[in-house]
Amino acid sequence: TRPVLIVQRLHSRVLPRAEALAAALGGDVAVLDHRPLREQMDLVDSAAVVVAVDGGALDLALLARPRSGFVTIKRPHDSESPDGCRGCPTGGPEGQCCDWHLDLFRAANGTWLAAESLNPGPGLSVAVADLAAAVGRGAARLEGLPGG
């Protein structure tokens with residue numbers, strides 16, 4: 001089991017410096033585009049904590065094994081789709097509308113899933129310290145789950 005897997009996309013929702021972030025956390029980066037679903041699920045199952053920008057990659061949380069951890073990187077509200085949520089009717093002028101999955105994560109917290117959400121800097125940039133803290137909080141929640 002790898003401690004962290006950063007899920008990337010080929011063209012959108014790409015974290016800058018993902019390889020450096022993964023290396024700093026002792027993890028790996030995987031691009032899921034064009035991989036069979038079984039391979040994507042196996043990659044997610046191979047990690048204690050999965051890091052991904054809000055989007056379809058987080059759908060794999062529905063199929064994740066018990067005691068999985070996820071850190072979601074929010075997309076900026078004012079960016080164009082597929083990189084963001086401009087014009088989304090649920091976002092509102094001040095807020096994020098890409099948090100649809102958080103209700104799922106909240107429902108699963110305490111039973112089989114630990115989740116954190118992180119606001120990025122410009123261009124989806126994430127500081128190593130911020131990501132490490134979010135991964136640490138997720139890992140701590142995993143320890144607190146039944147059977148942990």
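Residues G138 and E116 come closest through the heavy atom pair N-CG, 3.9 Å. Scanning all heavy atoms of the two residues, the minimum distance from L21 to A127 falls at CD2-C, 4.3 Å. In plain terms, the two heavy atoms of G123 and P16 that are nearest each other are O-CG, 3.3 Å. In terms of heavy-atom proximity, V14 sits nearest to Q8 at CG1-NE2, 3.3 Å. Residues R35 and L43 approach most closely at NH1-CD1, 3.3 Å, considering heavy atoms. The minimum heavy-atom distance between P3 and L25, with the atom names listed, is CG-O, 3.9 Å.
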| request: Assess whether side chain to side chain contact (heavy atoms under 4.5 Å, CB included) is satisfied between T72 and L118, documenting all intermediate values. | output: CA-CA 6 Å; T72 67; L118 189 62; over 6 Å; no
| Where do R9 and V53 land on the side chain to side chain contact (heavy atoms under 4.5 Å, CB included) test, with the steps shown first? | CA-CA 9 Å; R9 306 288 299 189; V53 176; over 6 Å; no
| task | For the pair V128 and L131, evaluate side chain to side chain contact (heavy atoms under 4.5 Å, CB included) and give the outcome as yes or no after the intermediate values. | result | CA-CA 5 Å; V128 171; L131 184 54; 6.0 Å; no
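Contact of the L5 side chain with the V51 side chain is not registered, since no non-hydrogen atoms from C-beta on lie closer than 4.5 Å. When side chains are defined from C-beta on, H34 counts as touching L10, because their heavy atoms get closer than 4.5 Å. Looking at L15 and I73, their side chains come closer than 4.5 Å, going by heavy atoms from C-beta outward.
To the nearest 0.5 Å, atom CD of residue Q40 and atom CG of residue L32 are 4.5 Å apart. Note that CG of D45 is 6.5 Å distant from CE of M41, once rounded to the nearest 0.5 Å. Distance check: K74 NZ to N119 CG gives 4.5 Å after rounding to the nearest 0.5 Å.
With respect to the salt-bridge test (charged N to carboxylate O, under 4.0 angstrom), the residues D28 and R2 qualify.
No path of Ile, Leu, Val, Met, Phe, Trp and Tyr side chains, each step under 4.5 Å between heavy atoms, connects V44 with V31, placing them in separate hydrophobic clusters. Using a 4.5 Å cut-off between side-chain heavy atoms of Ile, Leu, Val, Met, Phe, Trp and Tyr, with links allowed through other members, L37 and V50 fall into the same hydrophobic cluster.
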